[in-house]
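All heavy atoms count here, side chains included; hydrogens, waters and symmetry mates do not. Just so we're clear, the structure is a prediction, and the values are computed from it rather than from any experiment. Numbered from 1 within each chain, the chains take letters A, B, ... in sequence-line order.
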Amino acid sequence: MTSAELSRFLFSPMTLVLYLASAILYLRAMAAPKLDAVDGKHDGSGAASLRWATGLAILGVVAHLAHVVVRIEASGRLPLGNMFEFSSIIALTTVLGGLLVIQWKMRRPELMGFVMLGAELTLVLSLLLYSDPAPLQPILDTWWRAIHVTTIVISFGIFSLGAIFNALHLLRDTAESRVAAQAGSSFGPNTVGAAQAPPTDEDADADQTLDSVPSRVEADVVDIDEADQDAAYRAALREVLTQRVAGVRAPWTILGGVALVTLVFSLIWWDPMVSVQMVGTMAALTLVAWWAVPYLPSATTLDSLTYRTIAFSFPLWTFAVITGAMWAEQSWGRFWGWDPKETSSFVTWVAYAGYLHARATRGVKGRRASWLGLVAYGVLLFTYYAVNLLIVGLHSYGGIDQTVG
Amino acid sequence: MGPPHARTSGTGCLPTLRGVSKLESSPPPQMNPPVRREPRPPSVSGLLVAAVKENWRRLRTMRTALWLLGVLALESIVATVVPQEINVPQTVADWRSGEAGPGEAVATVLDAIGAFDVYASPLFLMTLLLLFTSLTACLLPRIKAWWRITRHSVPPLTRHIGDQEHVEQITTDLAPDAAHATARGFLADRGWRTRDGDLGDRGTQVAGEKGVVLREGGSLLFHLSFYVLLVAIVFGQLLTFEGFVGVTEGESFTDTEIGYWIADPGRWFGPEDHSGFQLTNDEFRVEWFRDPQFGGTPRTFEADVTIETAEGDVREATVKGNSPVVVDGFKIHLLGWGYAPRVVVREGRDVVFDGFLATTVNDNGAFRGAVKAPAAEPDVGLDVFLIPYAPEGDDGQPVITGAPWADAPLLVFRSYTGDLQLSAAQNVNTLNTELLTEGPRGGLRLGQVVELPDSDVTVEFAELRRWTNFQVSSRPQVPWLLLGSALLLLGLLPALYAYRRRLWVGVERSADGRTLVTVAGRAFQRPQAFEEEFAELADDLRAALDAPDLTPAARDEVAPR
Ligand code: HEM
């Protein structure tokens, strides 16, 4: 087996299958313990699924890393030279970020199924761009580029995590607010966890030096409210999601959205097989998300996770864009030329700054900020897929000499 | 709708400081009933002032900033999708003529709104101006408030210490006074701003606050760095110089106003700002990966040059793709290269052309150039293709390959006679064949000479060198841009990660005669981070008060050390 074949085998099927299996088990683990809790029993199947899921995810990471090492061996360079390699490392970052931070540090394994599915989707898409390991043209071979590309890719991976939470938040929040609207007071307002109103002070006027104005507390991770644990609440969430809204059942709206997104993607890859696979994968993904709504953390928690993930990635992206300009200054003799790629990463930056602003302002409430976050991720995807594949600029990743000559 | 001050704080741009400013400025609600003024007939100037004030207030809101950022993003997206004149002038020309793109009509509209040069369009400049005005309007009060806080802010005491998000109780044998002093010292040592208070029958209290100066300061630094960047960009545009010149191996060029093929000086860069150095291209080297799989990917790419400054200092240097050479503040980059075949054209015994052609590579791997010999009678023009690697096949005929290495160079040409029309501007590497008649073609190996049939014109492929495309640039703004970027990052980190939190330590004498210390705290941002910090602080304070025993309520909240 040549190293090119080995690298390919480790990637597909090995990594892809392991990640997918792990995703399925994570999803099962997410649903299992809570279903058991309805009648007060834990038969341990959730915990067992979780152990297996984690094990498979780690095996997947090992296969993925082995694939990367073989590639480095074969091409003698950093494995960040073309779009396939970028996608691969982006997905690796997403998985590692999920395992290390979401599962082990924050103890939210119920979100891991989606993290793995997101990574899987990125990797399947990257297969379309697969290329065997090859050396890099000398113009690309600089330290600035290494720093620039590494940080861009890592921050892309983290933004992807944020986008997953962001989408789940919108879904969960929709369900929660519908339940709240229908059930009136029985389940409380939609932001269940945020209802911890700060203490109010009746005799504030008496002494101004006292803490008379309890200031706004940023809604951040608040533990799942009792109501969430409540099976009845989950059943209600499930119920509202199957109701008709504007004459359409929720799953169909989702599928419609998927079809639309697929159409846009098909414009980029004019390939019916790809479109079919895209529809299949995205539809499966959204239906899974829809099915999972009752088991998700509360909307408040998801919102806060989204914010924290994006706030973590934003400085990284900023840094990456700055080093990109330095690389351009060094290699092309100009630091910024409003090349489509440069413009587009600037727009991405502005879009995420918009999200952070929206989150920091009182005027724009949770859901709207969340939509902004999704738009920002859309811009990021545009920067990556559309600009790289459709619009030719100095930043082309074809592999054959284009920058020089 | 609340009283005026409440509205300002709700829509204005001081979210982080809201708590403080309210505390310091707002009178209690009962003392500020909605005042009904007698309606006065409005004067014109009064209306004008009101309108200006209202717009200024609106400009300051973060919502406006968000909208402006959105517009900025939208314009930039247009610049990504529509070809830009500064990047791809030819594509823009094709769009305008309708040869490419969505058609002439759409192109006219695009042109009218400046979409082909977004970053110089009035719309974009307008957005930028509004954004910076908004930013300024927003920052001025924030800076003032921040300054006030750094100097005077003291945290408030609380009457509801037991109702805070985090509460912990400690019993100690220290006297209340001593416990109070310990707590204050404890907080002060850790960088908390503190205040002491006596709550009468509820004992004494130390209030502490931390993080507000850092977070808001970071945010201010972040936003202020935009001004540094803007000034650097604007002045940079004016002071910059960029020039391109091709130099054949063995030849040289001098940095003067007229020394470049293309020169693009900023408005404030005059002829006297050139440094007058001379650069000689001694040797250009390029090597490729030659195995069939990656064939044609270059491996090295560099030029050995000799530079003589205007003062007469001589030094040798190597310019590579990624490592420019700096002379007197001018950066010399290697941007590209091509083969430079020396072609000699003779008419009878007279040499009518003798020079190196600066050929450029085509898609098929051939290097294209042109010979223009107006000295001949009539004008002679040659359309020249240099094929670097055309080894002889079994039949003795050259096999054309796309490989770039010049191991078996072959020069082929199409000849023309007639009028070259050199009085009009034209590309050096192409002929204007309008008034030319095509003549015979020919192919030459290095050193060969051919005679064109039916004429006394001969063409010689005398020598093969390479030429290198250098970019020379002076950008005094770069260090300032770096400074701006550094400030931006430096401000961004605390703006996102520093967090404001308050801590209260209440000291009372308990029923059993010991001293009861209540620690309470809350964070305004990043509650998780504070949760850990609070637990640690409470632990440390307990140690400082030397009181290992906790009240039962607190015991299960704090992990034992
Ligand atoms: C290119 C333009 C801008 C960018 C990239 C930008 C970016 C940011 C970022 C990243 C934050 C931190 C958000 C947080 O603390 O969570 C922030 C905060 C803030 N920005 Fe901007 N900003 C821009 C323009 C403006 C303008 C024009 C205004 C005012 C009109 C403004 C007002 C504010 C305010 C008031 C905050 C503080 C919010 C808070 O911390 O609670 N910004 N900005």
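- Nearest heavy atom pair, residue A:Val350 against residue B:Leu69, reads CG1-O, 3.5 Å.
- Once rounded to the nearest 0.5 Å, the distance linking CE of A:Met326 with CG of B:Leu481 reads 9.5 Å.
- The contact between A:Phe319 and chain B is made by backbone and side chain atoms together, counting heavy-atom distances below 4.5 Å.
- Looking at B:Gln477, the atoms closer than 4.5 Å to chain A (heavy atoms on both sides) all sit in the side chain, from C-beta outward.
- Residue B:Ile332 does not touch chain A at all, counting heavy-atom pairs closer than 4.5 Å.
- Proximity to chain A (any heavy atom under 4.5 Å) is restricted, for B:Val478, to the side chain, taken from C-beta onward.
- Here the CZ atom belonging to A:Phe335 is positioned 9.5 Å from the OG atom belonging to B:Ser485, to the nearest 0.5 angstrom.
- The two atoms that bring B:Leu496 and A:Ala311 nearest to each other are CD1-O, 3.5 Å, heavy atoms only.
- Between A:Glu329 and B:Lys331 a salt bridge is recorded (basic side-chain N to carboxylate O distance below 4.0 Å).
- Using a 4.5 Å heavy-atom cutoff, the side chains of B:Leu72 and A:Phe346 are in contact.
- Nearest heavy atoms, A:Thr343 versus B:Ser76: CG2-O, 3.1 Å.
- Between the side chain of A:His357 and the backbone N or O of B:Ala65, no donor-acceptor pair lies under 3.5 Å.
- With a threshold of 4.5 angstrom between heavy atoms, B:Thr360 does not approach chain A through any atom at all.
- A distance of 11.0 Å separates CZ of B:Arg526 from OG of A:Ser304, quoted to the nearest 0.5 Å.
- Distance check, rounded to the nearest 0.5 Å: CD of A:Gln330 to OG of B:Ser323 gives 7.0 Å.
- In A:Phe312, the CZ atom is not crowded: 12 or fewer heavy atoms of neighbouring residues, nucleotides or ligands sit closer than 6.0 Å.
- If you measure heavy-atom distances from B:Tyr499 to chain A, you find no contacts under 4.5 Å at all.
- A 6.0 Å sphere centred on CH2 of A:Trp336 holds more than 12 heavy atoms belonging to other residues, nucleotides or ligands.
- We find the CZ-CD distance between A:Arg308 and B:Gln528 to be 3.5 Å, quoted to the nearest 0.5 Å.
- Of the inter-residue distances, the one linking A:Ile322 atom CD1 with B:Leu482 atom CG reads 9.0 Å to the nearest 0.5 angstrom.
- The aromatic rings of A:Trp349 and B:Phe226 sit perpendicular to each other, their planes meeting at more than 60°, with 30° as the lower class boundary.
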